[in-house]
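Would you mind keeping the following structure in view while I ask a few things?
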Amino acid sequence: METFVQLVVNGFGKGAVFALLALGFVVIFKATEVVNFAHGSLVLFGGYLVVATRETLGWAGAAVLGVVSAGVLALLVERLLLSRSRLADPFSLALLTIGVDVIITEEIVRRLGVSLPFIGDAWDAQPVQVGGVTLFRTHLVAMVVATVLITAFFIAFRYSNWGVAMRAQAENKEAAALVGIRSSRVTATAWLVAGLLAGVAVLFIATQDFSGAGLSRGTHSIALAAFPAAILGGLDSTAGAIVGGLTVGLVDALSTHYVSFAFAKSAVFLVMLVVLVVRPSGLFGTRESTRV
Amino acid sequence: MWWVRALLWLALLIVLLALPLYLEAQWLRAGEYMMVGAVGAIGLTLLTGQAGQLSLAHAFFLLAGGTAYTVLAGGQEGERNLVGFNLPPLLALLGAVAITALLGIAFAPVAGRLRGIYLGVASLALVFLGLYFGQAAEGLTGGTSTGRAPEPFSLFGFEFSNEGDLEILGVPFRQSERVWYLFLGLLLIAFLLALGAVRSRVGRSWRAVRDNEAAAAVMGVSVARAKAGAFAVSSAYAGLAGVMTVLWFDILKPDESEFGTYGINVSIAFLAMVIIGGLGSVPGALVGAVVVNGLPQVLALYSTKLGWFTGTGEGAFTPVLISSFVYGAAIILVVLFEPGGLAAIGRRIAGRLSNPARGRE
């Protein structure tokens, strides 16, 4: 029973982090219909800046800088590359982000070299006792942070001008433009938000508690699990991203314990395949219909 | 001007046939690696370019093909519990291609229901399954630590290895020279079959599905069958490339992480080949393979001569790293400036040469 409680808390802790990443995907997809394959490299970039600056700025300052710069990098990718090719279809733009991902990832992995730094200084490897059960502090903090961020996101998405503009654009791009919504601004903010979320996520991923491995190419692979999370829930559903993220986290934690560490990586994708066969647009995604 | 083009292709073929007489073994191996990439890239350009189905699963089919060949051609090894069927290598190669084609068809129920990006991510799942399979099925793959040596290819008693002495025009023909001709033959077959498919009814149905599924269905194309067919053909090509991969490395060794010989990076490299070459273009896939698979090899060979990239360990620029930068940037540039890839540039040059007036308009 005790292990099971630990596993579920682990699962939700990991799931909260995956939900942050998946939400980023979904926000970008809703605004632009582009799937951002460069998400993993944004994660690495944020983490790398923490490593590079924490000696001078202290961990907290470095963490803030890392989060902000992941957001800025996402913004730059959108402004400098994607917005320049407005005629290209979302499919080609997704391919373009693969190119971006290769370059950023390879450069950061080169800079990291053989060092695999852990970057969750404030919460990593400090277990907490709750009612006789030992829990990872990283997962608890991740759950709190994710809850706060996701709630803030949904409030903004529902009530702020940006949220309304964003939903309008997702609904109908031309109509949104006609009523005076600046498409470029909505798109740019979507990328900024996704980048910030990725920057927060890496502070939990590259820890001993979460992955047992420091910032490296492996971090990029872990971030890839946000793909099944976003797809599971439905690429155009923000609520789906949260459900997908938690599902992926739970599947990962349970299958690591009950089957094997090697199987856990593919278990997440297997669950995604099963869901896709039953519901091709994910659990909460809008079904595509074809008009002739 | 079809005959000019035919003459150019013929000249290229003659050059390729003559190269082993002049090149050293290491350069031949670099060329062979490009041919491995070319066979796989042709398969992917048919699927992604012609039929419009994004696939990141190419590396999985590579692993499946390589494993199938090694198991079918290999012998039983009791002490390591390795499974083997001792089939003649040619049969094992054909079997491997058939098995990967069937695996492609097995994925069709999933592929048929998904579109565009959903399919791309779903196909990513296969790479992860392959990673687990490579580690778990040690009886087939030999496991990640030691791997498994494949049976060298042989055809009607002629061995594509260092066995026996063979000399042609004073040049000793050892493994690298022999494998060059084997790969060239396989590539030629793969290339001609792909051209045939593109120009025939099959290719037209793929393009119809790519451009508009509803319209294709109205015209009488069975959309599900066209998609499944494209997946089967593409995975068969990847399977053949997988057989060539294990023959080239002389070992089947599954990866320990997502980054390796059959990892996501390989799927992305194949995607880079077909994007750089121009989506859907079969000759373009060849050029893309030369760029993406050739560059690291050629850089590595030059660097040992010129003393580049001597740094190792932390922060070193390796040939593989430089090539990744180059093809990453090439993908971005192609999407931004020339969505048709090198094939479109080639067509424009050919158009200008055959009709100079048009170029000055």
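Order of the sequence lines fixes the chain letters, A, B, ..., with proteins taken first and strands second; residue numbering starts at 1 for each chain.
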To the nearest 0.5 Å, atom CD of B:Gln135 lies from atom CZ of A:Phe261 at 9.5 Å
To the nearest 0.5 Å, how far apart are OG in A:Ser221 and CG in B:Asn265?
9.5 Å
Contacting region of B:Leu271 [heavy-atom separation from chain A under 4.5 Å]:
side chain
Shortest non-hydrogen pair, A:Met272 vs B:Ala122, comes out as CE-CA, 3.6 Å
Under 4.5 Å heavy-atom distance to chain B, tell me which part of A:Leu276 shows up: side chain, backbone, both or neither.
both
Counting only heavy atoms closer than 4.5 Å, note whether B:Leu333 contacts chain A via side chain, backbone, both or neither.
neither
Under 4.5 Å heavy-atom distance to chain B, tell me which part of A:Val278 shows up: side chain, backbone, both or neither.
backbone
Largest heavy-atom contact set with chain A, pairs under 4.5 Å, which of B:Leu336, B:Val110, B:Val320:
B:Leu336
Among B:Pro339, B:Ala329, B:Ser324, B:Ala272, which has the most heavy-atom pairs under 4.5 Å with chain A?
B:Ser324
Does any heavy atom of chain A fall under 4.5 Å from the side chain of B:Leu129, the backbone, both, or neither of them?
both
Value rounded to 0.5 Å, distance of CG in A:Leu224 from CG in B:Leu124:
6.0 Å
Residue A:Thr97 versus chain B: region with a heavy atom under 4.5 Å
neither
In terms of heavy-atom proximity below 4.5 Å to chain B, should A:Ala94 be classed as side chain, backbone, both, or neither?
side chain
Say you draw a straight line from CZ of B:Phe133 to OG of A:Ser266; how long is it, rounded to the nearest 0.5 Å?
12.5 Å
For B:Tyr33, ring pair (Phe, Tyr, Trp, His ring centres under 6.0 Å) partners two or more places apart:
B:Trp248
CD of A:Glu107 to CZ of B:Phe325, rounded to nearest 0.5 Å, is 4.5 Å
For B:Ile268, is it the side chain, the backbone, both, or neither that has a heavy atom closer than 4.5 Å to a heavy atom of chain A?
side chain
Answer yes or no: is there a side-chain heavy-atom contact under 4.5 Å between A:Phe91 and B:Thr48?
yes
Chain B interface, residue from A:Ile104, A:Ile98, A:Leu93, A:Leu95 that has the most non-hydrogen pairs under 4.5 Å
A:Leu95
Across all chains, not counting sequence neighbours, the ring pair (Phe, Tyr, Trp, His ring centres under 6.0 Å) partners of B:Phe231 are B:Phe107
With rounding to the nearest 0.5 angstrom, report the CD1 to CZ distance, B:Ile331 to A:Phe37.
11.0 Å
Please give me the minimum heavy-atom distance between B:Tyr118 and A:Leu235, naming the atom from each residue.
OH-N, 2.9 Å
Atom CD of A:Glu33 with >12 non-hydrogen neighbours under 6.0 angstrom:
no
May I ask you to decide if the ring planes of A:Phe269 and B:Phe128 are parallel, tilted or perpendicular, using 30° and 60° as cut-offs?
parallel
Segment of B:Leu56 engaging chain A (4.5 angstrom heavy-atom cut-off):
side chain
